Amino acid sequence: MVAIRLPDGSTKNFPGAVTGAEVAAAIGPGLARAALAMKIDGALADLKTVIARDAAVEIVTAKSPEALGLIRHDAAHVLAQAVQELYPGTQITFGPAIEDGFYYDFARNDTFTPEDFPKIEARMREIVDRNLDIAREVWSRDDAARHFAQIGEKYKAEWVREIPDGEDISIYRQGDWLDLCTGPHLPSTGKLPKAFKLTKVSGAYWRGDARNAQLQRIYGTAWASEEQLKAYLTRLEEAERRDHRRLGREMNLFHLQEEAAGAVFWHPKGWTLFRTLESYVRMRLDRDGYAEVKTPQIVDRKLWEASGHWDKFKDAMFLATPRAEGAAAEDGGRVYAIKPMNCPGAVQIFKQGLKSYRDLPLRLAEFGACHRYEPSGALHGIMRVRAFTQDDAHIFCTEDQITAESIRFCDLLRSVYADLGFTDVHVKFSDRPPVRAGTDAIWDKAERALEEASKAAGLETTRNPGEGAFYGPKLEFVLRDAIGRDWQCGTLQVDFVLPERLDATYIGEDGQKHRPVMLHRAMLGSFERFMGVLIEHFAGRLPLWLAPVQAVAATIVSDADAYAREAVAQMQANGLRVELDLRNEKIGYKVREHTLAKVPLLFAIGRREAEKRTVALRRLGSEAQETLALDEAIAKVRNEAQVPRAAR
RNA sequence: GCCGCCGUAGCUCAGUGGUAGAGCACGUCCUUGGUAAGGACGGGGUCGAGUGUUCAAUUCACUCCGGCGGCACCA
């Protein structure tokens, strides 16, 4: 007898081994129809799996949180079958479920284009209509390897050989189509909702390695219902509306052009935002015990060789040599590199003069402009550029101070993010990468120190194996934006390696030389990227204190021009970023324009206002008007526009 | 860097083997209008760059540059 415990606490007894489908049927015909898979003692399994012992079983339906993953994984298989039916000779490789959808990687000589999608989607629907039974089989390694080799699936054959001993080699059969897959899967293709859509094709490397063959990846999205699919497509449109490249142009913040690919031309408004952000961060650092420095832009490559960056990153560095005849020789044949990062420079400042343990921790901040030759395919708007400014700082401290400094930084970071409108932050812990500097003993120490520190700072971290910097492990702070997207911005890295390589020392209490530890840290990461994130997070509707143009004073009739000028001058004298719109246009036109430009405040000034020395205030996103005396309006707006924590 | 797609006016986009068009924006004039587009007229393009095919290339081919979507990379 087999006793099956159900989620509601009840137990159903069966005379012998049962399948999930039978359990579902025993509960009710509705559930039997809706069943997609099950969980046996919490582990996801096919409905056809035979349960031979007592267990807790939960039937998974389209409403279960696990359903989307199953649906997407099945959609990937149906896609693969459709593609192989339509394009014989195409090899299959991998096709997992991913966030919001799925993909499948194919090897084929001809290329897929989006024009192929309608045909493939139609075939996918047809496969759903065929309602093919999906069943798991366990094969021997030899049989599986032989089978895939025989039918020309060399990627599958390769993979079969690498499945560890002791693991089942499971094959899913869907009609007469087979795939090597761990599952689980829906009981038949007919259970797959038709709420899917192919979205894009791209290249992808076999096993994620650029040295391997490039495959063709077809992406799709799949949902439990048409409504969900529609909602997803709407979400994509929303993301497109927020695109910082589009808003940057529309709001006249910046532009990019090919003579300086990967570098930003900041327009007055964009630069105003940049400066506002910079001075805010500077204020926070000033108040948190940092000293700001500035290090050279062009530095002899010897320094980068010493730091280890040359070895690892020389291909991504810009070089600079004097151009004048004979100058290079006169200069001792030096080769300079434009700095790709600030840390070696910070170490040079630390090394000036003897440092005592009494000087530690020493927090050196730098708004460092760095240049890196990023691969052309990596460039993306202002989010991934070749010239950027970090809100960088290096904290030189003793090992004992790591924890306290980490806590202090995390506190600052949380508060800064909150001021900037981000409260949903999670933290990744990236440990030692395969290629690294420093001994394992040093890495053990560094990882332990960072773990302790992050625990002490009250952070919950998820592990990110092998993703640390070459000189040390790091915490990465990921912000979730208004529409649920994640952006990695802040970082905290523990570094025992660079102080050693660049020979930084301090004199300890014992009168002996010691190595300081270096903490590399950034909050925004790069201003360029962070500004892109801000723009997208707020959809261009920046909070008043950040808005490059906080208000526009727009006249209704030209008789009000003189008063409007005076009002704007007063506002500007009070530190508000206000523009004057005296154009020969109707107020409706001006309202529309400034609304589209996402200016937070609009002061309409007509004859009435000029006579009574008032302004009619309209706020972005509202149609209400509020008439205020000029002085009152200035006081009010000034208060609202205050930089967070600026008041003393 | 790799795969695919794209590059026509400031922006969004039509279009053609015989050297180009719309809407918005811009300029001038009229209009002084009370909260999301008032009217008239006008200027504006080496059709990304180069090479080739052709009597003729913005259109076809190739190379390069840049952009977009992924992949890889990200000190």
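Labels below follow one simple rule: chain letters A, B, ... track the order of the sequence lines, proteins then strands, and each chain is numbered from 1. Quantities reported herein were computed from a predicted structural model and do not represent experimental measurements.
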Undergrad: Could you give the CG-to-C1' distance, from A:D110 to B:C3, as a whole number of Å?
TA: 14 Å
Undergrad: Counting only pairs under 3.5 Å, give me each side-chain donor-acceptor contact of residues 253-262 of chain A, with atom names and distances, residues two or more places apart or in other chains.
TA:
residue: A:H255; atom: ND1; partner: A:H267; partner atom: NE2; Å: 3.4
residue: A:H255; atom: NE2; partner: A:Q257; partner atom: OE1; Å: 2.8
residue: A:Q257; atom: NE2; partner: A:E259; partner atom: OE1; Å: 3.3

Undergrad: Got a sec? Which of residues 601-613 of chain A come in under 4.0 Å of RNA chain B, heavy atoms?
TA: A:A604, A:G606, A:R607, A:R608, A:E609
Undergrad: Tell me every residue that passes side chain to side chain donor-acceptor pair (under 3.5 Å) with A:E405, counting only those two or more places apart in sequence or in another chain.
TA: A:R363
Undergrad: Do A:K339 and A:W304 have side chains that approach each other closer than 4.5 Å (heavy atoms only, starting at C-beta)?
TA: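 Yes - at least one pair of side-chain heavy atoms lies under 4.5 Å apart.
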Undergrad: Whole angstroms only, please: what is the NE2-P distance between A:H255 and B:G67?
TA: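 Computing the A:H255:NE2 to B:G67:P distance gives 12 Å.
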Undergrad: Taking only the side-chain nitrogens and oxygens of A:S202, find out if one of them lies under 4.0 Å from OP1 or OP2 of B:G69.
TA: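 So the side-chain polar atoms of A:S202 never come under 4.0 Å of the phosphate oxygens OP1 or OP2 of B:G69.
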Undergrad: Please report the distance, rounded to the nearest Å, between CZ in A:R541 and P in B:A36.
TA: 14 Å
Undergrad: Nearest whole Å is fine: how far is B:G69 P from A:F117 CZ?
TA: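 Distance, rounded to whole Å: 15 Å.
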Undergrad: Base, sugar-phosphate or nothing for A:Y103? Non-hydrogen atoms, less than 4.0 Å.
TA: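 Counting heavy atoms under 4.0 Å across all strands, no contact is made by A:Y103.
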Undergrad: Residues two or more places apart in sequence or in another chain: which of them pass salt bridge (Lys or Arg N to Asp or Glu O under 4.0 Å) with A:R217?
TA: A:D105
Undergrad: Base, sugar-phosphate, or nothing for A:F112, non-hydrogen atoms under 4.0 angstrom?
TA: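 The answer is nothing, as A:F112 stays clear of every strand by at least 4.0 Å.
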Undergrad: Ignoring backbone atoms, establish whether A:K586 has a side-chain N or O less than 4.0 Å from OP1 or OP2 of B:G38.
TA: no
Undergrad: Taking the side chain as everything from C-beta on, heavy atoms only, tell me whether A:W443 gets closer than 4.5 Å to A:D431.
TA: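 Counting from C-beta outward, A:W443 and A:D431 never come under 4.5 Å.
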Undergrad: Please tabulate, for the side chains in residues 596-609 of chain A, all donor-acceptor contacts under 3.5 angstrom to protein atoms that are two or more places apart in sequence or on a different chain.
TA:
residue: A:R607; atom: NE; partner: A:D559; partner atom: OD2; Å: 3.4
residue: A:R607; atom: NH2; partner: A:D559; partner atom: OD2; Å: 3.0
residue: A:E609; atom: OE1; partner: A:G606; partner atom: N; Å: 2.8

Undergrad: Which part of the nucleic acid does A:L596 contact within heavy-atom distance under 4.0 Å: base, sugar-phosphate only, or nothing?
TA: base
Undergrad: Side-chain contact test, heavy atoms from C-beta onward, threshold under 4.5 Å: evaluate it for A:F350 versus A:L502 and give yes or no.
TA: no
Undergrad: Centroid separation under 6.0 Å, is that true for the rings of A:F106 and A:Y87?
TA: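 Ring centroids of A:Y87 and A:F106 are no less than 6.0 Å from each other.
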Undergrad: Check each residue of residues 463-470 of chain A for a non-hydrogen atom within less than 4.0 Å of any atom in RNA chain B, then write out the ones that pass by number, or none.
TA: A:A469
Undergrad: A:E585: what forms a salt bridge (Lys or Arg N to Asp or Glu O under 4.0 Å) with it, not counting sequence neighbours?
TA: none
Undergrad: Touch check for A:G377, heavy atoms < 4.0 angstrom, all strands: base, sugar-phosphate only, or nothing?
TA: base
Undergrad: Given B:A75, B:U35, B:C71, which nucleotide is nearest the side-chain atoms of A:A204?
TA: B:C71
Undergrad: B:G34 C1' sits how many Å from A:R583 CZ, rounded?
TA: 17 Å
Undergrad: Dot-bracket for RNA chain B, please, read 5' to 3', with Watson-Crick or G-U wobble pairs under 3.5 Å on both distances, ( ) within the strand, [ ] crossing, | other strand, . unpaired.
TA: (((((((..((((....[..)))).(((((.......))))).....(((((..]....))))))))))))....
Undergrad: Between B:A75, B:G34, B:U32, which nucleotide has the shortest distance from any of its atoms to the side chain of A:V557?
TA: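 Closest nucleotide to the A:V557 side chain: B:U32.
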Undergrad: Please classify the nucleic acid contact of A:G208 as base, sugar-phosphate, or nothing, using heavy-atom distances under 4.0 Å.
TA: sugar-phosphate
Undergrad: Does A:Y205 contact B:G1 through a side-chain donor or acceptor facing the base, at a distance under 3.5 Å?
TA: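 When only heavy-atom distances are counted, A:Y205 does reach the base of B:G1 through a donor-acceptor pair under 3.5 Å.
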Undergrad: From the options A:I395, A:L475, A:L413, select the one residue that forms a side-chain contact (heavy atoms from CB on, under 4.5 Å) with A:R521.
TA: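 Filter result, single survivor: A:I395.
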Undergrad: Return the value, rounded to whole Å, for the distance between atom NE2 of A:H594 and atom C1' of B:A37.
TA: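 It is 13 Å, rounded to the nearest whole Å.
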Undergrad: With a non-hydrogen cut-off below 4.0 angstrom, is A:R217 in contact with a base, only sugar-phosphate, or nothing?
TA: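 Since only primed, P, OP1 and OP2 atoms lie under 4.0 Å of A:R217, the category is sugar-phosphate.
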Undergrad: Could you tell me how the ring of A:H77 sits relative to the ring of A:H73: parallel (under 30°), tilted (30 to 60°) or perpendicular (over 60°)?
TA: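 Judged by the thresholds at 30° and 60°, the geometry between A:H77 and A:H73 is perpendicular.
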Undergrad: Between A:Y589 and B:C24, is there a side-chain N or O to OP1/OP2 distance below 4.0 Å?
TA: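 Looking at the OP1 and OP2 atoms of B:C24, neither is under 4.0 Å from any side-chain N or O of A:Y589.
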Undergrad: Please enumerate all residues that pass salt bridge (Lys or Arg N to Asp or Glu O under 4.0 Å) together with A:R541, with sequence neighbours excluded.
TA: none
Undergrad: Applying a 4.0 Å non-hydrogen cut-off, can you work out what A:T595 is touching in the nucleic acid: base, sugar-phosphate, or nothing?
TA: base
Undergrad: Does A:D243 reach the side chain of A:E536, with side-chain heavy atoms less than 4.5 Å apart?
TA: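 Yes. Closest side-chain heavy atoms under 4.5 Å.
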Undergrad: Tell me, yes or no, whether the heavy-atom count around A:D209 atom CG, taken from other residues, nucleotides or ligands under 6.0 Å, exceeds 12.
TA: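 Atom CG in A:D209 is packed in, count exceeds 12.
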Undergrad: Can you find a heavy atom in the side chain of A:V281 that is under 4.5 Å from one in the side chain of A:F367?
TA: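 Yes; the side chains approach each other to less than 4.5 Å.
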Undergrad: Examine distances only and state if a side-chain atom of A:S406 and a backbone atom of A:S454 form a donor-acceptor pair shorter than 3.5 Å.
TA: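 Checking the backbone N and O of A:S454 against the side chain of A:S406, no donor-acceptor pair under 3.5 Å is found.
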Undergrad: With ring centroids as reference points, do A:H520 and A:Y471 lie under 6.0 angstrom apart?
TA: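 Ring centroids of A:H520 and A:Y471 are less than 6.0 Å from each other.
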Undergrad: Taking N or O atoms only and anything under 3.5 Å, show me the protein contacts with nucleotides 11-14 of chain B, one pair per line.
TA:
residue: B:U12; atom: OP1; partner: A:R249; partner atom: NH2; Å: 3.2

Undergrad: Begin with the C-alpha distance, continue with both residues' side-chain angles, and end with the deciding distance and a verdict on side chain to side chain donor-acceptor pair (under 3.5 Å) for A:E158 and A:W206.
TA: CA-CA 11 Å; A:E158 178 182 331; A:W206 168 237; 3.3 Å; yes
Undergrad: Go nucleotide by nucleotide along RNA chain B from the 5' end; which of A:R592 and A:D209 gets its closest nucleotide reached first?
TA: A:R592
Undergrad: Is the ring of A:F313 stacked on the base of B:A75, with centres less than 5.5 Å apart and planes under 30° off?
TA: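 Yes; by the centre-distance and plane-angle rule, A:F313 counts as stacking on B:A75.
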Undergrad: Is there a side-chain contact between A:F102 and A:L198, using heavy atoms and a 4.5 Å cut-off?
TA: yes
Undergrad: Have a look at A:A554 and say if it touches a base, only the backbone sugar-phosphate, or nothing, with a 4.0 Å heavy-atom cut-off.
TA: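 If one applies the 4.0 Å heavy-atom cut-off, A:A554 turns out to touch nothing in the nucleic acid.
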Undergrad: Can you sort out which residues in residues 378-391 of chain A have a heavy atom within less than 4.0 Å of RNA chain B? Ascending by number, please.
TA: A:A378, A:L379, A:H380, A:G381, A:R384
Undergrad: Please list, pair by pair, any protein nitrogen or oxygen found under 3.5 Å from a nitrogen or oxygen in nucleotides 7-9 of chain B.
TA:
none

Undergrad: May I have the distance from A:I218 (atom CD1) to B:C3 (atom P), rounded to whole angstrom?
TA: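 Going from A:I218 (CD1) to B:C3 (P), I get 18 Å.
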Undergrad: Tell me which nucleotide among B:C71, B:G33, B:A75 gets nearest to the side chain of A:K474.
TA: B:A75
Undergrad: Given B:U35, B:A72, B:G69, identify the nucleotide with an atom nearest to the side chain of A:R245.
TA: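 Given the options B:U35, B:A72, B:G69, the side chain of A:R245 is closest to B:G69.
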Undergrad: Taking atom C1' of B:U35 as reference, at what distance in whole Å does atom CD of A:E623 sit?
TA: 9 Å
Undergrad: Between B:C73, B:C74, B:G34, spot the one nearest the side chain of A:K312, thanks.
TA: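 In terms of side-chain proximity for A:K312, the closest of B:C73, B:C74, B:G34 is B:C74.
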Undergrad: Would you verify whether the NZ or CZ of A:K156 falls within 45 degrees of the ring axis of A:F94 while also being under 6.0 Å from that six-membered ring's centre?
TA: yes
Undergrad: Is any side-chain N or O of A:Y373 closer than 4.0 Å to OP1 or OP2 of B:C73?
TA: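 No, no such contact exists.
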Undergrad: Can the ring centres of A:F470 and A:H309 be said to be less than 6.0 Å apart?
TA: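 That pair passes the under 6.0 Å test.
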Undergrad: Counting side-chain heavy atoms from CB outward, which of B:G67, B:G33, B:G1 is closest to A:A261?
TA: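 In terms of side-chain proximity for A:A261, the closest of B:G67, B:G33, B:G1 is B:G67.
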